[in-house]
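Only one structure is covered here, and it is reproduced in the block below.
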Amino acid sequence: MEKGDGPALQPLLCLAWLAATLPILAAALPIPAAAGGRLLHSLLSAFSSRGKTVRPSSSSSSSSSKAKFTVPQKYFLHFYVVGVAVTTSLLLAICFYAYMKMTPLLPEPSSYSTIASHLIGSNSFSFGSVLSRTMEHKYRVWRTVFVLLLMEIQVLRRLYETENVFHYSPSARMHIVGYLTGLFYYTAAPLSLASSCLPEAIDFIRGQIVEFIVKGRARMPDLVIDSPSLLKPLLKLGWCQWIGAIVFIWGSLHQIRCHAILGSLRENKDSDEYVIPCGDWFSRVSCPHYLAELITNLSFAAVQTHRWYLQKFEDYPRSRYAIIPFVL
């Protein structure tokens, strides 16, 4: 893969994200009903419906209509299987590349003279600028490893919760468009996180494979994993990354708690009975688990769930918001 292929991946991902989010952004605009605003909002609400908000009603015609183009909500499991597969593959590839080519972060003292002698007589670049670019590139690769680690934690946790915490109603379903959107997200999100250095990592791994084929195992150097060398670059990342990690952990802990509350509401896995969730952020919003994992399309699902609660329970707290306290 040539160096020119690197930038090509990011525009493609940007176009994919734009195509996925543009309808949602359009629905948030005050488009007149005559211009299709109401139709667009209705379609997006239907596409984002899941679980209790898309359950068939007692009317046979309504039941048949709502069941069209839907899949069981337990297919949520597919999102996290795909997410784990993609994220783990990218994490291993880029971590291997970072460890082999981007360690240590700072050049060894003996290497400074080598670099300096190489630059003698060159008027194009200074020693400082070359070193600065090299350092920035190394940090960028290790930042990618860092965010992929967080993504890996997220998808592994959600995979575990889907299998062991949630008890989906037998009649709970979700729209096929929402299902495809979920598959897209858990493929595109890790790819987007890795896109800045994925092409060069693939190029390096491909070179290692070719070398292995040509030389054979006996002539290849042994791979020795030095734990301190692997951890030091992550510990030397900037304050911005660690603030992000703290926010991630804070949101994850709340989401774990909210999911545990929701999972405990249906002791009988085969039951369609629903009760009002209480505790943690449920005192403020109807969908705190969406707030903790705030993704644009989840706001539509949160609004649909909030409306369902209000229609289902006469004593449902009117002071609760859908997803963001005092806002939505």
Side-chain angles (χ1 to χ4, degrees), residues 1-29 31 40 43-44 47-48 78-102 124-125 129-130 132-155 176-210 233 237-238 240-241 244-245 247-248 293-300:
M1 185 176 296
E2 299 297 329
K3 291 183 179 179
D5 292 342
L9 176 62
Q10 291 176 320
L12 287 175
L13 287 168
C14 287
L15 287 174
W17 282 113
L18 182 62
T21 58
L22 191 59
I24 300 173
L25 296 175
L29 297 175
I31 302 175
L40 178 61
L43 286 174
L44 286 173
F47 294 159
S48 62
H78 300 172
F79 300 163
Y80 308 118
V81 170
V82 169
V84 167
V86 176
T87 306
T88 302
S89 300
L90 294 172
L91 177 60
L92 290 175
I94 294 180
C95 192
F96 176 69
Y97 170 64
Y99 180 76
M100 297 296 292
K101 297 291 289 183
M102 302 295 160
S124 301
F125 303 102
S129 64
V130 172
S132 176
R133 286 197 303 273
T134 301
M135 291 293 299
E136 176 55 33
H137 180 61
K138 288 184 175 183
Y139 272 107
R140 177 164 56 84
V141 173
W142 280 106
R143 283 196 296 266
T144 301
V145 173
F146 186 73
V147 294
L148 283 175
L149 276 172
L150 297 182
M151 185 71 182
E152 180 82 347
I153 293 170
Q154 170 72 2
V155 292
I176 186 66
V177 173
Y179 174 71
L180 295 175
T181 300
L183 293 177
F184 163 79
Y185 173 81
Y186 282 99
T187 301
L191 277 173
S192 299
L193 294 176
S195 62
S196 64
C197 57
L198 180 59
E200 61 193 82
I202 292 176
D203 188 50
F204 172 75
I205 293 173
R206 185 173 60 182
Q208 292 291 298
I209 294 173
V210 171
L237 293 175
C240 184
Q241 282 72 45
V247 173
F248 169 83
E293 189 185 359
L294 189 58
I295 306 169
T296 306
N297 68 300
L298 290 183
S299 62
F300 284 89

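For the numbers below, each heavy atom of this structure counts, side chains included, while hydrogens, waters and symmetry mates do not.
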> What distance do M100 atom CE and F204 atom CZ have between them, rounded to the nearest 0.5 Å?
Replying inline: 5.0 Å
> If you measure from OH on Y97 to CG on D203, what distance do you get to the nearest 0.5 Å?
Replying inline: 8.5 Å
> How long is the span from the CG atom in L193 to the CG atom in L149, to the nearest 0.5 Å?
Replying inline: 11.0 Å
>> Could you report the tightest heavy-atom contact between S192 and S195, atom names first, then the distance?
In response: O-OG, 2.9 Å
> Which heavy-atom pair separates L150 from A245 by the least distance, and what is that distance?
Replying inline: CD1-CA, 4.3 Å
> At what distance, to the nearest 0.5 angstrom, does OG1 of T87 lie from CE of M151?
Replying inline: 4.5 Å
> Heavy-atom distance under 4.5 Å between the side chains of H137 and K101, does that happen here?
Replying inline: no
> Do you see a donor-acceptor pair shorter than 3.5 Å between the side chains of Y186 and H78?
Replying inline: no
> At their closest point, which heavy atom of A98 faces which heavy atom of V145, and how far apart are they?
Replying inline: CB-CG2, 4.0 Å
>> Restricting to non-hydrogen atoms, name the atom on A93 and the atom on A201 that form the minimum distance, rounded to 0.1 Å.
In response: O-CB, 4.4 Å
>> Under a 3.5 Å distance rule, please check whether R140 uses its side chain to pair with a backbone N or O of S196 as donor and acceptor.
In response: yes
> Can you tell me how far CZ of F146 sits from SG of C95, rounded to the nearest 0.5 angstrom?
Replying inline: 13.0 Å
>> Under the criterion side chain to side chain contact (heavy atoms under 4.5 Å, CB included), I'd like the reasoning laid out for L191 against L13: C-alpha separation, chi angles, the key distance, then a yes or no.
In response: CA-CA 8 Å; L191 277 173; L13 287 168; 4.2 Å; yes
> What's the spacing between L148 CG and I153 CD1 if we round to 0.5 Å?
Replying inline: 11.5 Å
